[in-house]
Amino acid sequence: MQFLLSVIDTATGSATSEEMAAITKFNEHLRSAGHWVFAGGLSVPSAAVIIDNREGAAVTTSGALHDSPTYLSGFWIIDAPNAEVAAELAAQASQACNRPVELRPLLG
């Protein structure tokens, strides 16, 4: 099963050097244990562009979909045998990045 671990933050690029070292160590753990699929950090919400091409008009709007003090600042996609293992990994991710982490299973 694959899961999305979303890092919830209030300031993009705010990780300390200690947090970055812990994230690197967690990433290495994911790789060595066979859980790693992909991970990445995201730019600030103001850098987002919403594109709506449902009617072929390709309407674009600058900025994030929602105006909120908290937002998605990074993510992991992991492989785990079940939701319990994924929850354990999400707890480790939260500790490593020192931020709340939302865990959601991917469909399919």
Side-chain angles (χ1 to χ4, degrees):
M1 298 178 68
Q2 290 188 331
F3 296 85
L4 172 67
L5 284 67
S6 301
V7 179
I8 310 302
D9 203 349
T10 58
T12 298
S14 63
T16 66
S17 58
E18 292 83 11
E19 290 166 345
M20 289 304 298
I23 291 166
T24 298
K25 184 175 179 180
F26 177 67
N27 289 343
E28 291 168 358
H29 166 68
L30 289 176
R31 285 183 179 101
S32 67
H35 298 296
W36 178 269
V37 175
F38 185 78
L42 297 171
S43 63
V44 294
S46 62
V49 176
I50 307 298
I51 301 167
D52 184 350
N53 197 32
R54 288 179 288 180
E55 296 181 17
V59 175
T60 61
T61 306
S62 296
L65 179 61
H66 301 286
D67 184 24
S68 173
T70 59
Y71 55 87
L72 178 65
S73 65
F75 64 93
W76 286 274
I77 296 176
I78 62 165
D79 270 322
N82 55 52
E84 292 77 22
V85 171
E88 291 172 16
L89 292 168
Q92 293 172 24
S94 176
Q95 184 174 26
C97 69
N98 196 32
R99 308 284 186 283
V101 169
E102 178 187 66
L103 171 64
R104 294 176 69 180
L106 296 178
L107 300 175

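Just so it is clear, the values below take in all heavy atoms, side chains as well, and ignore hydrogens, waters and symmetry mates.
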Enquirer: Mind checking the NE2-CG spacing from His66 to Leu72? Nearest 0.5 Å is all I need.
Expert: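 So the NE2 of His66 and the CG of Leu72 are separated by 12.0 Å.
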Enquirer: Taking atom CD1 of Ile8 and atom OH of Tyr71, what is their separation to the nearest 0.5 Å?
Expert: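 If we round to the nearest 0.5 Å, Ile8:CD1 and Tyr71:OH are 11.0 Å apart.
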Enquirer: If you compare all heavy atoms of Leu103 against all heavy atoms of Ala83, which two are closest, and at what distance to 0.1 Å?
Expert: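 The pair with the smallest heavy-atom distance is CD2-O, 4.4 Å.
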Enquirer: Do you know which two heavy atoms are closest between Gly34 and Asp79, and how far apart they sit?
Expert: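 Scanning both residues completely, I find the closest heavy atoms to be O-CB, 4.2 Å.
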Enquirer: What pair of heavy atoms forms the shortest contact from Leu5 to Ala93, and how long is it?
Expert: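 The answer is CD2-CB, 3.8 Å.
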Enquirer: Decide whether Val44 and Phe75 are clustered together by the hydrophobic rule: side chain heavy atoms of Ile, Leu, Val, Met, Phe, Trp, Tyr closer than 4.5 Å, transitively.
Expert: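 No; tracing contacts between hydrophobic side chains, which count when under 4.5 Å, never links both residues.
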Enquirer: Within a strict 4.5 Å, meaning less than it, do heavy atoms of the Phe3 and Trp76 side chains meet?
Expert: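 The answer is no; the side chains never approach within 4.5 Å.
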Enquirer: Could you grab the distance from atom CD1 of Ile77 to atom NE2 of His35, nearest 0.5 Å is fine?
Expert: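 Nearest 0.5 Å value for the CD1-NE2 distance: 15.5 Å.
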Enquirer: Return the minimal non-hydrogen interatomic distance between Cys97 and Val7, and the atom names on each side.
Expert: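 That closest heavy-atom pairing would be SG-CG1, 4.0 Å.
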Enquirer: Is Val85 reachable from Trp36 through a run of hydrophobic residues whose side-chain heavy atoms are each under 4.5 Å from the next?
Expert: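 Per the 4.5 Å side-chain linkage, Trp36 and Val85 are co-clustered.
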Enquirer: Check the surroundings of atom CZ in Arg31: do more than 12 heavy atoms from other residues, nucleotides or ligands lie under 6.0 Å from it?
Expert: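 Above 12, so yes.
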Enquirer: Does Gln95, at its CD atom, have more than 12 non-hydrogen atoms belonging to other residues, nucleotides or ligands within less than 6.0 Å?
Expert: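 Count not over threshold, so no.
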Enquirer: Atom CE in Met1, atom CD1 in Ile78: separation rounded to 0.5 Å?
Expert: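 One finds 10.0 Å between CE of Met1 and CD1 of Ile78.
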Enquirer: Atom CG in Leu30, atom CD in Gln92: separation rounded to 0.5 Å?
Expert: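 Here the rounded value is 8.0 Å.
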Enquirer: Flag yes if Leu4 and Phe38 sit in one hydrophobic cluster, no otherwise; membership is Ile, Leu, Val, Met, Phe, Trp, Tyr, and two members link when side-chain heavy atoms are under 4.5 Å apart.
Expert: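 Hydrophobic grouping puts Leu4 with Phe38.
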Enquirer: Output the distance between atom CG (Leu106) and atom CZ (Arg104), rounded to the nearest 0.5 Å.
Expert: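 The CG atom of Leu106 sits 9.0 Å away from the CZ atom of Arg104.
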Enquirer: Above 12 or not: heavy atoms from other molecules or residues under 6.0 Å from CG of Asp67?
Expert: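 Open: at most 12 neighbouring heavy atoms sit under 6.0 Å from CG of Asp67.
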Enquirer: Taking the side chain from Ser94 and the backbone from Ala90, do they hold a donor-acceptor pair closer than 3.5 Å?
Expert: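 Answer holds: no.
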Enquirer: When you compare the side chain of Leu89 with that of His29, does any pair of heavy atoms fall below 4.5 Å?
Expert: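 In contact.
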